There are 2 protein chains.
Amino acid sequence: MDRAVTISQVAALAGVSTGTASKALNGRGALRPETRLRVQQAAEQLGFVANAAARSLQTGRTYTVGMITTDSIGRFSIPVLLGAEDALGAGQMSIFLCDARDDPIREQYYLRTLLSRKVDGIIVTGRRTQARAPIGVGLPVPVVYAFISSADPQDCSVVPDEADGSRRAVQHLLAIGRRRIAHVTGPEHHHSATIRAQGAVDTLAAEGLRLATPTLYGEWSEAWGRQAAGILLSTGADVDAVFCGSDQIARGLAEALTKAGKVIPRDIALVGFDNWDVMVDGCQPALTSVDMDLEGIGRTAAERLLAAINGSPAHGQHARPCRLVPRASTAV
Amino acid sequence: MDRAVTISQVAALAGVSTGTASKALNGRGALRPETRLRVQQAAEQLGFVANAAARSLQTGRTYTVGMITTDSIGRFSIPVLLGAEDALGAGQMSIFLCDARDDPIREQYYLRTLLSRKVDGIIVTGRRTQARAPIGVGLPVPVVYAFISSADPQDCSVVPDEADGSRRAVQHLLAIGRRRIAHVTGPEHHHSATIRAQGAVDTLAAEGLRLATPTLYGEWSEAWGRQAAGILLSTGADVDAVFCGSDQIARGLAEALTKAGKVIPRDIALVGFDNWDVMVDGCQPALTSVDMDLEGIGRTAAERLLAAINGSPAHGQHARPCRLVPRASTAV
DNA sequence: AATCGCTAGGAAATCGATTGCCTAGACGCT
DNA sequence: AGCGTCTAGGCAATCGATTTCCTAGCGATT
């Protein structure tokens, strides 16, 4: 609980002025090498760590960015966060994490806090239902939206290209010879559900095909997957593959279909979406899935934010391609 | 991109000195109510937000704590983080999040960064294998370990009482009339696995009972759960309940047992550990599980940290009780 | 009317690091 | 020997907010 060492103590020990000490430690100014070394040794000896507040007061830079997750920090924001941390850590920046929990009041409060702390930039992320209202206008710092996108097209957003993901999933199913493909997904009012469904329909259309049954909208849950399996089986639809809007739905389907005597992938092939480890590995057989590369999104968002901080802001929405990860559920 | 408003601009607009403006905004000093109001209105009008760096330089407080997760931020550290955020947010403190990714170098680097930023305190969390070495000695700020514990008994750690969790699980099974209880858990070298197993054994011993089979150690995965089911069935062990070291293991067991024709809970009752929503809800039937209340741990850790910051440090390890959440897998 | 006591608010130091400006002294050149 | 040049390093202002005096001015009291 010793109070902190200041640069003047280092300067005193090295027998120089504080200004000189500062220059020595920051590699600035014209100093004799031995002087520089003497100061560095003094700093080392005292365990000196510069006070970031004092430094940023002077320089105007804090080497800090704020990250606001609109929904509660969860499965989707974590990888984004990690990716951002990765990209920023290399630039020696720290992250202020704020969890707005879907509450606009909290969100504005956090925004204010971040501005008061003079962060160099802000990353906004959150569950992806649809484009969100900009978090603020005329802010004194750059903002990048990650995973979620801003309704203002001038804002910089980095999002997964979900239609691309659907395309890859469906093309994979076509490639293994399936033609009677069904699609089971989340709630119709959810942006991701509709865009993924549309992607599937479009991809099939390009091949002159259609979905084997109309898209089944429901919830993002295993229970719905099980239920949907029942629907598919009971209607007697002739289906040889199901592309699911999420891994959870796919897993529910897998369970129910297996129970009903269907063999996956022989009778029915399955593709999920999210590539969520516990789901794809826990599923029997292991589930082929679409990976949105959330870490990559976080990393890209952080890079764009850094660029904006350094004076080269990017605008508009950047959609990143998805990746298909084939596993046993589509292994022919 | 307007540069920030300073307190002297507010003071000028209100026709007072900066000192007076500061007092007005912070409710200090002796000012006429109308003066105070005038300053507040000026601040409002200009959108003034105090520069945290300048303030902390003066006051020595940053209203910021650092949170270092030793392993990559994951399933266990998130709830802890949320709980801490909750407790700290109420005190208007912000969190610096640092992900050390099991790398001691990163960890020390982050520690240094946090000290340079003059955080008021540090919370260390991470995957729980066993007590970890203290993150530093003689640090100028208080440190609290959450979920994981420090090897130094003088340090303050807040951890789940896993033996208590086991006791609750086993007593619940006893209460619904089961006597031939098996235990399937993770790797033997994992602290949580051994302590949970011991808790189960002790609880049974207190009733004059023993495990129906020796504890089955394996991995924390569904695959191991399925494999363990095979072992239990093939050895012909007469078992009417299985207490599992994790929800994933339990789910694997549930699947394999059901497939083998056993009815859960009629033939075999199941209890998991972690109360992980996607597992307990996805399991069929829904899984009874032990909840370690990770959010509560985060909250408690944050509270203890705040107490330490305010001069009342706590020492030693604080074990918090678990909670049993009964569901269909043990419903008689 | 003179003194005392208050109150409201101002002046200036302070926190710690950075940085532009300035100068002492060494060296070189004619 | 005298002058110019260059280098190493010191001085002091600065960032923005807080806080400790300190004082002007007003009212009350005897």
Side-chain angles (χ1 to χ4, degrees), chain A residues 2-40 42-43 46-64 92 112-113 115-120 140, chain B residues 2-40 42-43 46-64 92 112-113 115-120 140:
Chain A
D2 20 329
R3 64 243 161 283
V5 178
T6 70
I7 201 171
S8 49
Q9 296 175 36
V10 173
L13 179 58
V16 297
S17 71
T18 65
T20 303
S22 171
K23 290 167 193 159
L25 295 173
N26 294 296
R28 256 180 270 276
L31 303 187
R32 241 177 305 156
E34 66 250 41
T35 307
R36 207 175 282 280
L37 186 63
R38 193 150 35 89
V39 174
Q40 284 164 349
L46 296 175
F48 169 73
V49 185
N51 182 324
R55 169 176 290 161
S56 75
L57 190 55
Q58 169 65 20
T59 62
R61 280 291 302 270
T62 55
Y63 293 92
T64 294
Q92 319 277 307
R112 207 183 147 83
T113 304
L115 293 180
S116 127
R117 294 183 188 278
K118 295 280 177 284
V119 293
D120 293 334
Chain B
D2 20 331
R3 65 242 160 284
V5 178
T6 70
I7 200 171
S8 49
Q9 296 175 36
V10 173
L13 179 58
V16 298
S17 70
T18 66
T20 303
S22 171
K23 290 169 196 160
L25 295 174
N26 294 296
R28 259 180 269 275
L31 304 187
R32 242 177 304 155
E34 65 252 39
T35 306
R36 206 175 283 278
L37 187 63
R38 195 151 34 88
V39 173
Q40 283 163 350
L46 296 176
F48 169 72
V49 185
N51 182 324
R55 170 177 290 160
S56 75
L57 190 53
Q58 168 65 21
T59 63
R61 282 290 302 270
T62 55
Y63 294 91
T64 294
Q92 319 278 306
R112 204 183 150 84
T113 303
L115 293 181
S116 127
R117 295 183 188 277
K118 295 282 177 283
V119 294
D120 293 335

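Note that the coordinates shown come from a computational prediction; the quantities given were computed from them, not determined experimentally. Protein chains get the first letters and strands the later ones, always in sequence-line order, with residue 1 at the start of each.
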Rounded interatomic separation in angstrom, taking [atom1] from [X] and [atom2] from [N]:
X: B/L25; N: C/dG9; atom1: CG; atom2: P; result: 14 Å
X: A/R28; N: C/dT18; atom1: CZ; atom2: C1'; result: 8 Å
X: B/N26; N: D/dT20; atom1: CG; atom2: P; result: 13 Å
X: A/Q58; N: C/dG20; atom1: CD; atom2: P; result: 9 Å
X: A/N51; N: D/dT14; atom1: CG; atom2: P; result: 21 Å
X: B/Y63; N: D/dA17; atom1: OH; atom2: C1'; result: 14 Å
X: B/Q9; N: D/dC15; atom1: CD; atom2: C1'; result: 13 Å
X: B/R38; N: C/dA8; atom1: CZ; atom2: C1'; result: 11 Å

**Prompt:** Where each residue is assigned the nucleotide of DNA chain D containing its nearest heavy atom, which of A/R36 and A/T18 is assigned the position nearer the 5′ end?
**Reply:**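 Its nucleotide being nearer the 5' end, the pick is A/R36.
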Closest non-hydrogen atom pair between [X] and [Y], with its separation:
X: B/R38; Y: B/V16; answer: NH1-CG1, 4.3 Å
X: B/R117; Y: A/Y63; answer: NH2-O, 2.7 Å
X: B/T6; Y: B/S8; answer: OG1-OG, 2.9 Å

Can you identify which nucleotide, out of [options], has its nearest atom closest to the [X] side chain?
X: B/V16; options: D/dA17, C/dG10, C/dT18; answer: C/dG10
X: A/L57; options: D/dC15, D/dA17, C/dG9; answer: D/dC15
X: A/R55; options: C/dA11, D/dA17, C/dA17; answer: C/dA17
X: A/A30; options: D/dA17, D/dA8, C/dA17; answer: D/dA8
X: A/T35; options: D/dG9, D/dC15, D/dT18; answer: D/dG9
X: B/K23; options: C/dC15, D/dC15, D/dC21; answer: D/dC21
X: A/T20; options: C/dT19, D/dG9, D/dT18; answer: D/dG9

**Between B/T20 and B/S17: side-chain donor-acceptor atoms closer than 3.5 Å** =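 Side-chain D/A pair, B/T20 to B/S17: present.
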**Message:** Would you say that A/V5 contacts A/V10 through its side chain, given a criterion of any heavy-atom pair below 4.5 Å between the two side chains?
**Reply:**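 Yes. Closest side-chain heavy atoms under 4.5 Å.
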**Prompt:** Which part of the nucleic acid does A/S22 contact within heavy-atom distance under 4.0 Å: base, sugar-phosphate only, or nothing?
**Reply:**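 Here A/S22 touches the bases of the nucleic acid.
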